[in-house]
Number of protein chains: 2
Amino acid sequence: MKEAQYKRVYNALNAQIAKKEFLEGDLLPSENLLTTQFGVARSVVRQALLELEKEGKIVKQQGKGSIVVPERKSLALLSVKGFSQVVGAERKINTIMLQNPIKRKWDGVFFFPLSEKELAADCFYLKRLRLVDNQTVMLENTYLPDLYLEDFLTQKFVDGSLFQLLKSQYNIEIKGVEQELRAINAEVDLATNLAIEPNQAVLHVQRKYITNKKDFFIYSSLFCNTHNYSFSNIIKT
Amino acid sequence: MKEAQYKRVYNALNAQIAKKEFLEGDLLPSENLLTTQFGVARSVVRQALLELEKEGKIVKQQGKGSIVVPERKSLALLSVKGFSQVVGAERKINTIMLQNPIKRKWDGVFFFPLSEKELAADCFYLKRLRLVDNQTVMLENTYLPDLYLEDFLTQKFVDGSLFQLLKSQYNIEIKGVEQELRAINAEVDLATNLAIEPNQAVLHVQRKYITNKKDFFIYSSLFCNTHNYSFSNIIKT
DNA sequence: CAGTGGTCTAGACCACTAA
DNA sequence: TAGTGGTCTAGACCACTGT
């Protein structure tokens with residue numbers, strides 16, 4: 001099971017952009033050139049560029065080329081990447097574990113419908129507070145069904161990243177996310193955690209992550225303080 | 001400039017799903033079958049299915065097929081589709097024009113950086129209130145640079161849809177959107193418009209639409225009442 | 001005009017699912 | 001094991017951009 005070629009091309013280009021080897025406004029090498037550089041078919045190059053475009057790192061323009069776009073200033077949080085990856089290297093991030101992972105029953109009324117298989121299993125629950133440059137930006141409640149996760153409670157998080165742990169220990173990859181957004185007024189408890197005044201507006205995001213394991217989903221309920229950082233995303237047709 | 005084949009395939013499948021010719025959980029015909037049905041190469045079929053997948057209408061599963069997923073109950077508003085298209089046919093929608101289109105100067109501090117070309121032109125501004133099943137869900141301020149839009153102020157909206165007007169009259173198509181989200185507490189004016197109490201939490205979305213015309217962008221500032229309807233989206237890696 | 005990305009063809013092999 | 005979607009090749013022509 002070796003890595004796909006287009007991922008190899010994607011990773012190479014992504015790294016070059018991150019290392020500022022291409023600056024904002026620069027054109028990437030043309031598709032034909034990349035084809036010869038990496039020794040792959042053009043469709044493979046295009047698949048790699050498509051990924052970069054979906055993530056908003058380049059824009060393509062017919063007749064011109066693939067243009068590197070400026071790094072985003074706001075948090076690209078409405079994406080499938082884990083928190084550790086969406087916050088640029090420029091910023092200091094911290095995670096405070098308010099509730100270490102425990103095994104428990106599902107809540108009576110869950111925010112997404114659960115399958116029978118999921119309901120039959122217990123769930124792992126963790127509660128984390130996320131900080132960017134020492135400012136509290138997010139409270140995250142995560143629920144994972146106890147289906148493929150042997151010895152989950154004894155695992156050490158890889159760089160504090162749940163997604164990296166799932167990838168390295170269980171070969172579980174995130175393939176997509178379905179999410180619902182609401183603006184809510186913060187209750188006292190929530191306001192305390194987010195270090196804001198009660199009744200302040202908070203962005204509530206309920207997520208269902210799709211993984212490479214069929215029938216295995218991860219659920220998250222996020223409460224975001226958008227006063228200091230806005231949350232952005234990019235969508236292509 | 002005839003329509004691309006993959007769009008033809010997409011439109012056909014999309015219509016069949018909308019007409020319930022495929023029910024939730026049904027498998028679409030396999031890619032090889034669609035290839036022969038439409039008389040196109042497999043890559044064309046895959047491109048069409050990719051669109052459907054991005055819109056969350058199907059999920060693909062290796063070894064099994066393309067599965068039709070249930071219609072969304074919440075408003076898929078964080079997508080590039082116009083308001084008229086994201087709200088399912090099941091619901092009644094209304095638009096109240098609070099401010100008919102006028103030509104004016106740009107605001108001094110705009111929420112996205114503007115190019116010199118845009119700043120040199122004036123902008124068209126309109127303010128619309130959006131209702132779903134007679135409930136106020138959104139206040140929308142839209143700004144269009146006066147660059148390609150001849151006689152814009154005298155145009156009649158096609159079914160109340162700005163995007164359809166742009167397509168049919170000016171051949172302008174929306175290719176993507178970049179957006180920032182915040183939760184804010186409603187001021188009195190805003191609360192009145194959205195028919196909620198002052199200080200209630202509201203979802204504020206600032207958008208920059210990318211079009212097929214280079215250097216032509218459309219800007220929108222949305223205020224969403226998420227009490228009755230949540231706003232959803234789906235993202236694929 | 002040459003070069004770019006957009007679309008398309010007609011194959012091939014692989015990884016996964018279900019019977 | 002048969003059939004599915006995932007990846008890949010090696011071409012081709014078209015639409016658009018800038019010179």
Side-chain angles (χ1 to χ4, degrees), chain A residues 1-11 13 22 25-54 58-69 117 148 171-173 175-176 210-216 236-237, chain B residues 1-11 13 25-54 58-69 148 171-173 175-176 210-216 236-237:
Chain A
M1 192 187 82
K2 68 185 213 296
E3 195 183 43
Q5 297 269 46
Y6 78 89
K7 287 188 183 171
R8 180 171 65 89
V9 177
Y10 164 84
N11 286 330
L13 293 174
F22 301 115
D26 280 3
L27 290 177
L28 290 186
S30 76
E31 295 183 353
N32 282 321
L33 189 51
L34 291 172
T35 289
T36 60
Q37 278 183 11
F38 288 95
V40 295
R42 191 170 157 222
S43 67
V44 175
V45 169
R46 284 182 62 77
Q47 203 170 347
L49 294 177
L50 195 64
E51 293 294 314
L52 290 170
E53 191 185 23
K54 278 198 295 188
I58 63 170
V59 295
K60 299 170 93 177
Q61 201 174 306
Q62 192 174 21
K64 195 168 181 186
S66 298
I67 307 157
V68 178
V69 304
K117 198 172 167 190
Y148 299 93
N171 200 32
I172 291 173
E173 278 181 282
K175 305 297 282 184
I210 294 122
T211 70
N212 56 337
K213 292 248 191 291
K214 187 170 56 88
D215 304 333
F216 184 78
K236 300 285 173 180
T237 56
Chain B
M1 191 186 86
K2 68 185 216 294
E3 195 183 44
Q5 296 269 44
Y6 78 88
K7 286 187 183 170
R8 182 171 65 88
V9 177
Y10 164 83
N11 286 331
L13 293 174
D26 279 4
L27 290 177
L28 291 186
S30 77
E31 295 183 354
N32 282 321
L33 190 50
L34 291 171
T35 288
T36 61
Q37 278 183 10
F38 287 94
V40 295
R42 190 170 155 221
S43 68
V44 175
V45 168
R46 284 181 63 78
Q47 204 170 347
L49 293 178
L50 196 63
E51 293 293 315
L52 290 170
E53 191 185 23
K54 278 198 294 190
I58 62 169
V59 294
K60 300 170 92 177
Q61 202 173 302
Q62 193 174 20
K64 194 169 179 185
S66 298
I67 308 158
V68 178
V69 304
Y148 300 92
N171 198 32
I172 291 175
E173 278 181 281
K175 305 298 281 183
I210 294 121
T211 71
N212 57 335
K213 291 248 193 289
K214 188 170 56 89
D215 303 333
F216 184 79
K236 299 287 175 181
T237 57

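These numbers come from a predicted model, not from an experiment.
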Tell me whether the OP1 or OP2 atom of [N] has a side-chain N or O from [X] closer than 4.0 Å.
X       : N      : value
A:Ser30 : C:dG3  : no
A:Arg46 : C:dG5  : no
B:Gln61 : D:dT4  : no
B:Ser66 : D:dT4  : no
A:Tyr6  : D:dC8  : no
A:Lys60 : D:dA15 : no

Handout entry: A:Asn32: side-chain contact (heavy atoms from CB on, under 4.5 Å) partners, not counting sequence neighbours
Key = A:Ser30, A:Arg42
Exercise for the section: Could you say whether B:Leu33 or A:Lys7 is positioned toward the 5' end of DNA chain D, judged by the nucleotide with the nearest heavy atom to each? Expected result: B:Leu33
Handout entry: Proximal nucleotide (of D:dT4, C:dT17, C:dT4) relative to the A:Lys214 side chain
Key = C:dT17
Problem - Closest listed nucleotide, where the reference is the side chain of B:Val44 and the choices are D:dC8, C:dT9, C:dT17 - result: C:dT9
Treating [X] as the side-chain partner and [Y] as the backbone partner, does any N or O pair qualify as donor plus acceptor under 3.5 Å?
X        : Y        : result
A:Asn212 : A:Ile172 : no
A:Ser66  : A:Leu28  : no
A:Asp26  : A:Phe22  : no

Problem - Atom of A:Gln61, atom of B:Lys214 and distance for their closest heavy-atom approach - result: NE2-CD, 2.6 Å
For [X] and [N], give me the distance from atom [atom1] to atom [atom2], rounded to whole Å.
X        : N      : atom1 : atom2 : result
A:Leu34  : C:dG5  : CG    : P     : 8 Å
B:Gln5   : C:dT7  : CD    : P     : 12 Å
B:Ile67  : C:dC16 : CD1   : P     : 16 Å
A:Asn212 : C:dC16 : CG    : C1'   : 12 Å
A:Leu50  : D:dT7  : CG    : C1'   : 14 Å
B:Asn32  : D:dG5  : CG    : P     : 7 Å
B:Glu31  : C:dA15 : CD    : P     : 17 Å
B:Lys213 : D:dC16 : NZ    : P     : 10 Å

When you compare the protein's N or O atoms with those of nucleotides 11-14 of chain C, which come within less than 3.5 Å of each other, and at what distance?
residue : atom : partner : partner atom : Å
C:dA12  : N6   : B:Arg42 : NH1          : 3.3

Problem - Min side-chain heavy-atom separation B:Val69-B:Ile58 under 4.5 Å - result: no
Problem - Residue pair B:Glu31 / B:Lys60, side-chain heavy-atom distance below 4.5 Å - result: yes
Practice task
Name the nucleic acid region contacted by B:Ser43, choosing base, sugar-phosphate or nothing; use a 4.0 angstrom heavy-atom cut-off, strictly under.
Solution key: base
Problem - Residues A:Arg46, A:Glu53; criterion salt bridge (charged side-chain N to carboxylate O under 4.0 Å, His left out); working and verdict - result: CA-CA 10 Å; A:Arg46 284 182 62 77; A:Glu53 191 185 23; over 6 Å; no
